[in-house]
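Below is one structure, written out as structure tokens, with a few remarks after it.
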Amino acid sequence: MTRFANFCAGPASMPTAVLERAQAEMLDWQGLGTSVMEISHRSTDYIEVAQKAEANLRKLMGISDEYAVLFLQGGATLQFSAIPLNLMNGGVADYLETGTWSNKAYKEAKRYEALGLGQVNLVAAGSQTQFSDIPDPSTWQLTKGASYFHYCPNETIHGVQMFDVPKVDTPIVADMSSCILSEPISVDKFGLIYAGAQKNIGPAGLTLVIIRKDLLEQASEWCPMVMNYNNQHTNDSMLNTPSTYAWYLSGLVFEWLLEQGGVEAIAKVNHTKAKTLYAAIDGSDFYHNTVNPNHRSIMNVPFHLADNSLDKRFLEESKKAGLLNLKGHRAVGGMRASIYNAITLEQVQALAAFMAEFERRYG
Ligand SMILES: *Cc1c(COP(=O)(O)O)cnc(C)c1O
């Protein structure tokens, strides 16, 4: 068996140990004679899986009882719609734009103005710097008494990350799809955190929402019942059939993370991985990354070859070397290495070594 280093942005690499365990448990889960994906989500066996996953996530992130944790579907994109429906409540929602994803969230929220759900305000537009930097907070047009402030701490496509939580005095809503569990955060600084699982947690099909309980009861009467956070909370995320297998696999990833020493320990590895890769890029004129060094993502590292006529060859040869999915997003071009928790330091070192060797031959 060969498992290559897979730098895909999402769905992304999973820890091999987790896949091996899932494989071993696949046909006969816990002596039941069926797989876990073949049992009712309302069975006591499954509810144990679900509760254990939540308990371990709470442990990993330090989530207090003041927060509800929901295991939903529809990806982060569905949350772009669900958030205004649940939280706007006739007020003004502030949106900071720092890349493709926060832009999409803003545009989706904006559509609700026509329904009279509230107003949507663009706080600052990162597009003015081609998303290579974060707009200076002194230029942000914040709304006093806004319903909430939405941002995306890690922009997966442009590789731009905000390491400090913005200082605003309205509930903060954060799209953490590509940075959740990558380093410790203070959950209590947030009103709502959401993340699709397929980047840094598990397989596609599961979306986490962590919401402060006092924000649960303001949904619009237009909010569909599966998107209503309070409704999902009171039904333990089982209003309808949840993504049971993705939930189970995510639970295995949480156990694996705890075995690695938790988020603090994995964050150290993540910072070393990022440092290694940025050093490989900065150490030569052959490669470059245009993001402000203070805001370079530790999870998604886009880079360009100075001579982009070599891009195709770089991709072919890296693939042959067992380094997969390095093609950059079409909006940015060039290359991108996504180095989520499941990517090891050795795999990043192998990429850096390949880059040096490629430059030696074609530079
Ligand atoms: C991938 C991604 C999304 C979109 O996720 P879906 O699950 O495909 O809806 C949204 N936001 C961020 C930050 C992402 O990385």
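Both ligands and their constituent atoms are indexed starting at 1 by order of listing. Basis for what follows: all heavy atoms, side chains included, without hydrogens, waters or symmetry-related copies.
With 3.5 Å as the limit, one finds no donor-acceptor pair spanning the side chains of Ser186 and Asp188. Side-chain contact of Ser127 with Glu97: a donor-acceptor pair under 3.5 Å is present, judged by distance alone.
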Item checked: Check against side-chain contact (heavy atoms from CB on, under 4.5 Å), Thr244 and Tyr46 -> CA-CA 8 Å; Thr244 55; Tyr46 189 79; 3.6 Å; yes

May I have the list of side-chain donor-acceptor pairs in residues 21-36 shorter than 3.5 Å, sequence neighbours left out?
from, atom 1, to, atom 2, distance (Å)
Arg21, NE, Glu25, OE2, 2.9
Arg21, NH1, Glu255, OE1, 2.8
Glu25, OE1, Tyr248, OH, 2.6
Asp28, OD1, Gly31, N, 3.3
Asp28, OD1, Leu32, N, 3.2
Asp28, OD1, Gly33, N, 2.7
Ser35, OG, Met37, N, 3.3
Ser35, OG, Glu38, OE1, 3.0

Which atom pairs, nitrogen or oxygen on both sides, join ligand 1 and the protein at under 3.5 angstrom?
from, atom 1, to, atom 2, distance (Å)
ligand 1, 7 (O), Ala76, N, 3.3
ligand 1, 7 (O), Gln198, NE2, 2.8
ligand 1, 9 (O), Ala76, N, 3.2
ligand 1, 9 (O), Thr77, N, 2.9
ligand 1, 9 (O), Thr77, OG1, 2.5
ligand 1, 11 (N), Asp175, OD2, 2.6
ligand 1, 15 (O), Thr156, OG1, 2.4
ligand 1, 15 (O), Lys199, NZ, 2.6

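A salt bridge links Arg361 to Glu317: one of the charged nitrogens lies within less than 4.0 Å of a carboxylate oxygen. Here Lys110 pairs with Glu113 in a salt bridge; the nearest charged N to carboxylate O distance falls below 4.0 Å.
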